[in-house]
Amino acid sequence: LNVPGVNAATVAEHTIGLLLLVRGMYRLVREVKAGNWNYRDTYAGHELRNLRLGIVGTGEIGHLVAGLAAALQMQVSYAGRKAAVKPEGALALPDLLAQCDVVSLHLPLTSDTRGLIDAAALQRMKPGAFLINTARDEIVDASALLAALESGHLAGYASDLMPMAAADVCERIVQHPAVVITPHAASLTALTFREMSVLTVQHIKDYFGGMDIPGRYRVN
């Protein structure tokens, strides 16, 4: 059995937390911990307000992120793979990459999405744009990501996933000053874990009671 959608709200919330990279929030915290209170004299962060957020993936998490971003007065665009009804603001992926200040990934890992954000895709992004990934690590080509960060073309990268690449490339990404990475913990909140557990138990009871479980994995 599975419990699809239970973690959507907490992953969307985590995504918004990672968006604070755009404001330079995490750099501010690091500088204060290092005793550098004078960093405020050179601080030049962005507000999220009025920036365009491009959401790649039109599932439940992507739509929740869009609602939260709209509350922060961000403009929102979408690029989806196979949505039956294209949401307002839908763009082809190349156009979304070229037009958005921040791109947030909310796709499953498939043969079509593996390496989707490669060197060419990163080069299409606006100079100084930010990339957020709370989907799957292998959607982003780690070597191309590092090159885009080190060249300055990409202003920052925030992710809930360890990049998939050679150890030295991973270390350089993790330690890059414009990168924030959390340890795949977006859904590990007490509330979501409890909801997952309760729904799993309910599904088990329903299964042995002869009921059909919507969305459950089926084994031949």
Side-chain angles (χ1 to χ4, degrees), residues 11-48 51-57 61 65 69 72 74 93 96-107 109 113-188:
V11 173
E13 185 178 289
H14 195 89
T15 302
I16 296 299
L18 292 176
L19 269 172
L20 294 178
L21 173 69
V22 177
R23 281 199 63 112
M25 188 71 71
Y26 299 107
R27 177 70 182 270
L28 290 170
V29 171
R30 287 198 300 267
E31 294 294 338
V32 168
K33 286 183 178 293
N36 184 16
W37 291 86
N38 291 328
Y39 181 68
R40 69 183 302 276
D41 297 333
T42 56
Y43 169 68
H46 298 282
E47 292 184 43
L48 297 177
L51 294 183
R52 181 171 293 279
L53 173 65
I55 295 175
V56 184
I61 295 173
V65 170
L72 295 170
M74 299 186 78
L93 180 59
L96 180 142
L97 295 173
Q99 296 177 25
C100 290
D101 304 291
V102 187
V103 174
S104 188
L105 304 178
H106 302 284
L107 294 165
L109 180 63
T113 63
R114 188 183 303 274
L116 179 70
I117 306 301
D118 57 9
L122 289 165
Q123 193 58 41
R124 288 190 193 99
M125 292 179 66
K126 293 173 64 173
F130 294 79
L131 180 63
I132 311 294
N133 184 9
T134 54
R136 289 292 181 265
D137 44 22
E138 293 169 274
I139 293 173
V140 179
D141 182 310
S143 296
L145 170 66
L146 179 60
L149 288 164
E150 292 188 336
S151 71
H153 181 75
L154 194 65
Y157 177 68
S159 177
D160 189 41
L161 308 146
M162 175 62 73
M164 294 291 289
D168 63 322
V169 173
C170 290
E171 182 66 12
R172 288 163 65 189
I173 292 173
V174 170
Q175 297 301 328
H176 194 284
V179 169
V180 171
I181 294 183
T182 53
H184 203 184
S187 63
L188 303 183

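Since the model is a prediction, treat every value here as computed from it, not as a measurement.
Atoms CZ and NE2, on Arg23 and His46 in that order, are 11.0 Å from each other to the nearest 0.5 Å. Here the straight-line distance linking atom OG of Ser159 with atom NE2 of His14 works out to 8.5 Å at 0.5 Å rounding. Note that the CZ atom of Arg114 and the CE atom of Met164 stand 8.5 Å from one another [nearest 0.5 Å]. Separating the CG atom in Leu105 from the CG atom in Asp137 is a distance of 11.5 Å, to the nearest 0.5 Å. Remark: Leu53 CG to Ile132 CD1 distance equals 8.5 Å, nearest 0.5 Å. Taking CG from Leu107 and CD1 from Ile117, the interatomic distance works out to 8.0 Å, rounded to the nearest 0.5 Å.
Contact annotation: the side chain of Leu116 approaches that of Leu93 to within less than 4.5 Å [non-hydrogen atoms, C-beta and beyond]. The shortest side-chain heavy-atom distance between Leu131 and Leu122 falls under the 4.5 Å cut-off. Residues Asn38 and Glu31 fail the side-chain proximity criterion, which asks for heavy atoms closer than 4.5 Å. Side-chain atoms of Asp101 and Val22, non-hydrogen and from C-beta on, never get closer than 4.5 Å to each other.
Side-chain contact check for Ser104 and Thr15: no donor-acceptor pair (N or O, by modelled atom type) lies under 3.5 Å.
Nearest heavy-atom pair across Gly54 and Leu96 is CA-CD1, 3.7 Å. When all heavy atoms of His153 and Met125 are compared, the pair lying nearest together is NE2-O, 2.9 Å. Considering all non-hydrogen atoms of both residues, Phe130 and Ala155 come closest at CZ-CB, 3.6 Å. Closest non-hydrogen pair, Ala142 versus Pro163, comes out as CB-CB, 4.1 Å.
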(request) Go through Val174 and Met162 one step at a time and tell me if the side chain to side chain contact (heavy atoms under 4.5 Å, CB included) criterion holds. (result) CA-CA 8 Å; Val174 170; Met162 175 62 73; 3.9 Å; yes
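Judged by distance alone, with hydrogens and angles left aside, the side-chain atoms of Arg27 form no donor-acceptor pair with the main-chain N or O of Gly45 at under 3.5 Å.
Annotation: Arg136, atom CZ; neighbour count of heavy atoms from other residues, nucleotides and ligands within 6.0 Å does not exceed 12.
With Leu18 as the partner, the side chain to side chain contact (heavy atoms under 4.5 Å, CB included) test is satisfied by one option alone out of Asn133, Ile181, Val180: Val180.
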